[in-house]
Amino acid sequence: MSRSPSQDLDEHADALPRQQRTYSIGELARMFEVTPRTIRFYEQEGLLAPSRQGQKRIYREKDRVRLKLTLRGKRLGFSLAEIREVVMMYDAMPDGNARQLKRLLEILEEKRANLDRQMEDIRLMRLEIDDVDQRARDVLRQLGETS
DNA sequence: ATTCTTACA
DNA sequence: TGTAAGAA
């Protein structure tokens, strides 16, 4: 579970240079510390859809963000299917169809509810850990005073 | 040197 | 997902 403490915290680093730079599978693999195999695998699973220049895969900013979301989802323990839903929503926005947008809003609210529930669970879990930590320290202190 | 596909552990 | 093999 080794992870570089920055990779995932540049949410807004791609605010403007949206669809300019392109990346090779190797470059993306290096910047996210995964192997090209992993990236091709996610493509098979439908989480990535890079354009091609012949056989070579060409990744754009959009793809980089997708990969970022995918890896984050993996870290959070989401299934590929769940990650796919989020990733799909990320770029299912372009058209301005009112009905479709309202539908998207419903889905987003549902996802938001799930996330809130998870956050609460995580908060409680964190409390549990703090509790065990405290008790462990207490026991340790006891042992120290005794011996 | 890199990437691609396919297949198997 | 890793690794291997052969092609581009």
Side-chain angles (χ1 to χ4, degrees), chain A residues 1-140:
Chain A
M1 284 300 218
S2 58
R3 204 78 58 186
S4 294
S6 62
Q7 246 72 300
D8 208 336
L9 302 176
D10 59 336
E11 315 296 311
H12 308 99
D14 54 280
L16 291 178
R18 182 162 296 177
Q19 215 158 316
Q20 311 307 307
R21 197 350 184 358
T22 63
Y23 311 84
S24 67
I25 193 171
E27 295 178 316
L28 274 187
R30 287 194 295 275
M31 57 172 81
F32 286 107
E33 296 182 281
V34 297
T35 64
R37 176 74 175 83
T38 299
I39 297 177
R40 297 196 189 95
F41 176 69
Y42 291 156
E43 180 180 336
Q44 275 192 291
E45 299 307 300
L47 287 71
L48 253 36
S51 57
R52 302 300 187 84
Q53 184 173 41
Q55 286 270 282
K56 268 70 175 182
R57 273 167 258 250
I58 301 300
Y59 300 86
R60 302 169 188 299
E61 290 302 315
K62 176 185 175 185
D63 302 306
R64 188 180 64 71
V65 174
R66 276 194 172 200
L67 178 56
K68 182 170 63 178
L69 293 176
T70 297
L71 294 173
R72 176 190 297 154
K74 183 192 65 179
R75 288 195 296 274
L76 295 178
F78 287 106
S79 67
L80 289 181
E82 296 174 315
I83 295 174
R84 188 157 20 195
E85 290 186 87
V86 177
V87 170
M88 292 288 261
M89 285 187 253
Y90 171 72
D91 49 23
M93 274 271 59
D95 65 307
N97 181 291
R99 269 180 304 175
Q100 200 176 324
L101 288 178
K102 289 187 176 183
R103 173 50 182 158
L104 175 59
L105 254 33
E106 297 184 335
I107 296 176
L108 292 179
E109 192 166 313
E110 184 185 314
K111 298 305 171 189
R112 187 143 40 208
N114 290 329
L115 290 176
D116 285 345
R117 187 170 56 195
Q118 290 183 297
M119 285 186 117
E120 177 61 2
D121 286 343
I122 290 177
R123 188 181 70 77
L124 296 177
M125 202 81 82
R126 202 272 161 66
L127 256 34
E128 297 290 310
I129 290 176
D130 289 345
D131 182 52
V132 177
D133 178 289
Q134 188 53 250
R135 286 195 279 173
R137 290 174 187 287
D138 289 343
V139 175
L140 212 50

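Just so it is clear, the values below take in all heavy atoms, side chains as well, and ignore hydrogens, waters and symmetry mates. Throughout, a chain's letter reflects where its sequence line sits, starting with A, and its residues are numbered from 1. This one's a predicted model, so the numbers in the text were calculated from it and none came from an experiment.
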Interatomic distance where CZ belongs to F41(A) and P belongs to dA9(B) [whole Å]: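 Distance check: F41(A) CZ to dA9(B) P gives 18 Å.
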
Atom pairs and distances, side-chain donor-acceptor, residues 99-110 of chain A, under 3.5 Å, sequence neighbours left out:
| residue | atom | partner | partner atom | Å |
| --- | --- | --- | --- | --- |
| R103(A) | NH1 | E106(A) | OE1 | 3.1 |

Can we say D130(A) and R126(A) salt-bridge, meaning some charged N sits less than 4.0 Å from an Asp/Glu carboxylate O?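 A salt bridge links D130(A) with R126(A).
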
State whether T35(A) places a side-chain N or O below 4.0 Å from either non-bridging phosphate oxygen (OP1 or OP2) of dT1(C).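 So the side-chain polar atoms of T35(A) never come under 4.0 Å of the phosphate oxygens OP1 or OP2 of dT1(C).
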
I'd like to compare against my own output: the B/S/- annotation of nucleotides 2-7 of chain B with a strict under-4.0 Å heavy-atom distance to protein. -SSB--

Take D133(A) and R137(A) through the salt bridge (Lys or Arg N to Asp or Glu O under 4.0 Å) test and state the conclusion after the steps. CA-CA 6 Å; D133(A) 178 289; R137(A) 290 174 187 287; 2.6 Å; yes

Do side-chain atoms of R64(A) reach the backbone of Y59(A) as a donor and acceptor pair under 3.5 angstrom?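 Not confirmed, R64(A) side chain does not pair with Y59(A) backbone.
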
In this structure, which one of D63(A), L71(A), V65(A), L69(A) forms a side chain to side chain contact (heavy atoms under 4.5 Å, CB included) with L67(A)?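 Option passing the side chain to side chain contact (heavy atoms under 4.5 Å, CB included) with L67(A): L71(A).
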
